[in-house]
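Structure first, then comments.
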Amino acid sequence: MRDEEGFRSFVEANGATLLHAARLLTGDHHRGEDLVQTALIKLYQKWGRIEAPLPYARRALVNAHIDQTRRRWWGERPTETLPEQADLDSGSATAGSDSRDELRRILAGLAPRERAVIVLRYYCDLSEQETSATLGMPVGTVKSTCSRALARLRVEVTSGAS
Amino acid sequence: MSPSEFDLRAALHDDDGNGALDVDQLIFAARAHRSQRRTRILSTAAVVVAVAALGVGGGLLAGQGNSPGPTSGAAQANRDNAAASNGKAAGGSGTGFGSAGSASRQAPAGASLSGNAGCPTTLRSPAQASAASGPLFSEPVQSVVVCAYNAILAPRATSQTPRGHTVLRGAQATQLVNSLENAPTRRPQTMCPDMIRADASRFAFIGLGANGTHAGTVTTTAVNAGCGAQITNGTVTRYAWTPPSSLQPTLARLAPGTPAAGTVPIPSRTK
């Protein structure tokens, strides 16, 4: 039997943070909820066999996000008829005109791996080593990816302001 | 404007903490996911087991269809080790050499074999053989199973049980095979008595190649003291064969009616 109470406590303590990270990664509120649910289901399957649930959950979150962004033959397909449009004025993360919303909108335009590095480094406040361990990439790659992502953000923000 | 790290952190932490997760729904979804996963794994395993069982069963059925009898497994082992086991059976009661399975596998057409050391239970009559020339054995013979029979069948008997059997190997086998192959290919002009002694014997010689493969079975007519025997493998026939003198004691032990060493065939009458 799994330690279900432990899992509940973990979700109550870290669920909101993971959900916000998922929203930042996906750039969408609902897709973020789907993503965090996917990651937490994976965590539930492994619960009791892992020593550090939070890093595992972060890694599952990022991996699931990167996995979802890959094009698949069974995935989403372009269509001539657009589905019902989401209400952009209902508190969506991509809406807004102030600088913070602008930054988050630009963040959604980054590559999935760049976005993951930015979220882990500046939202989850992980070190380069921890980010490297979470993403499964060398520290040097984390540094270069982070640098490239920040440069793109600066360029986008500067061009948007001008 | 160029965003600082502070701005970036502030932007990312904006609206932080909004929204809560329904843990019960999450656990329910996780259980459903786990159940689906187990079902999928069990289904795959069941299909794999079913396919494997079908394959094994089909293989066994195919193996039974190709085998000559119920002792096909023993027959295969005996065929592979026939040459080695021949010597162990020499002079024995028939339990050491061959089996019904191996005998059936190696038997030539026209000779039904029993489980008695692979010795045939019916011997060809001379009338069944033609006088074609050629070797009696299809390949070099390394060992010979010698089966001895009574020359006179019991009344109404359709098959014979060998009176004894032995295995000759090496020089003895070579001598026997040479004597068989070098027997005259034409019927001799001398006449032999039609009378067959009560203790006269007939023989069947089963030749085995280097790997224990069957090289041919040669049967004889009654070997009488005064006349040579007619020998045949069913296709090729030789006449006036007499056992080599060095093997006559061995054959005499198997069949007391066999002429002893030094016996000279004496023609009783001439054509």
Side-chain angles (χ1 to χ4, degrees), chain A residues 2 4-5 7-12 14-24 29 32-33 36-47 91 93 96 98-107 118-125 146 149-151 153-162, chain B residues 1-67 73 76-77:
Chain A
R2 294 160 200 276
E4 208 162 280
E5 287 305 314
F7 181 76
R8 285 177 185 275
S9 303
F10 172 83
V11 172
E12 286 170 4
N14 301 286
T17 308
L18 290 170
L19 176 61
H20 192 67
R23 286 177 188 154
L24 291 173
H29 182 84
E33 286 185 343
V36 78
Q37 177 172 318
T38 302
L40 288 176
I41 284 175
K42 287 182 181 176
L43 177 67
Y44 181 83
Q45 312 289 349
K46 300 277 185 180
W47 191 259
D98 63 2
S99 61
R100 289 178 179 175
D101 287 342
E102 180 70 8
L103 261 177
R104 291 166 64 168
R105 188 187 60 79
I106 296 170
L107 181 68
I118 292 295
V119 170
L120 290 176
R121 288 279 288 119
Y122 297 105
Y123 173 69
C124 298
D125 294 324
C146 186
L150 287 175
L153 283 176
R154 287 191 189 98
V155 168
E156 292 289 334
V157 170
T158 305
S159 63
S162 63
Chain B
M1 169 197 152
S2 176
S4 63
E5 284 193 13
F6 176 81
D7 295 332
L8 185 57
R9 287 182 198 279
L12 293 177
H13 280 90
D14 195 21
D15 292 335
D16 191 6
N18 274 354
L21 293 170
D22 187 346
V23 184
D24 290 330
Q25 186 184 357
L26 199 63
I27 291 174
F28 179 78
R31 285 176 178 167
H33 184 267
R34 187 177 58 192
S35 174
Q36 285 177 357
R37 188 163 169 262
R38 283 181 178 171
T39 304
R40 196 164 52 241
I41 290 172
L42 286 176
S43 303
T44 306
V47 168
V48 168
V49 168
V51 169
L54 280 175
V56 171
L60 287 177
L61 286 175
Q64 285 180 352
N66 293 333
S67 67
Q76 180 67 32

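When reading the values below, keep in mind they use all heavy atoms of this one structure, side chains included, and skip hydrogens, waters and symmetry mates. Model, not experiment: these values are computed from the prediction. Residue numbering restarts at 1 for every chain, and letters A, B, ... go by the order of the sequence lines.
If you measure heavy-atom distances from A:Ile118 to chain B, the contacts under 4.5 Å come from both the backbone and the side chain.
Shown here for A:His20 and B:Leu12, the closest heavy-atom pair between the two residues is NE2-O, 2.7 Å. Closest of all the heavy-atom pairs between B:Ala29 and A:Ile41 is CB-CD1, 3.8 Å. Scanning all heavy atoms of the two residues, the minimum distance from B:His13 to A:Tyr123 falls at NE2-O, 3.2 Å.
Taking CG from B:Leu21 and CD from A:Gln37, the interatomic distance works out to 8.5 Å, rounded to the nearest 0.5 Å. Rounding to the nearest 0.5 Å gives a distance of 4.0 Å between CD of A:Glu4 and CZ of B:Arg31.
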**OP:** Report the C-alpha separation of B:Leu8 and A:Leu150 in whole Å, then their side-chain angles, then the decisive distance to 0.1 Å, and conclude whether the side chain to side chain contact (heavy atoms under 4.5 Å, CB included) test is met.
**Re:** CA-CA 9 Å; B:Leu8 185 57; A:Leu150 287 175; 3.5 Å; yes
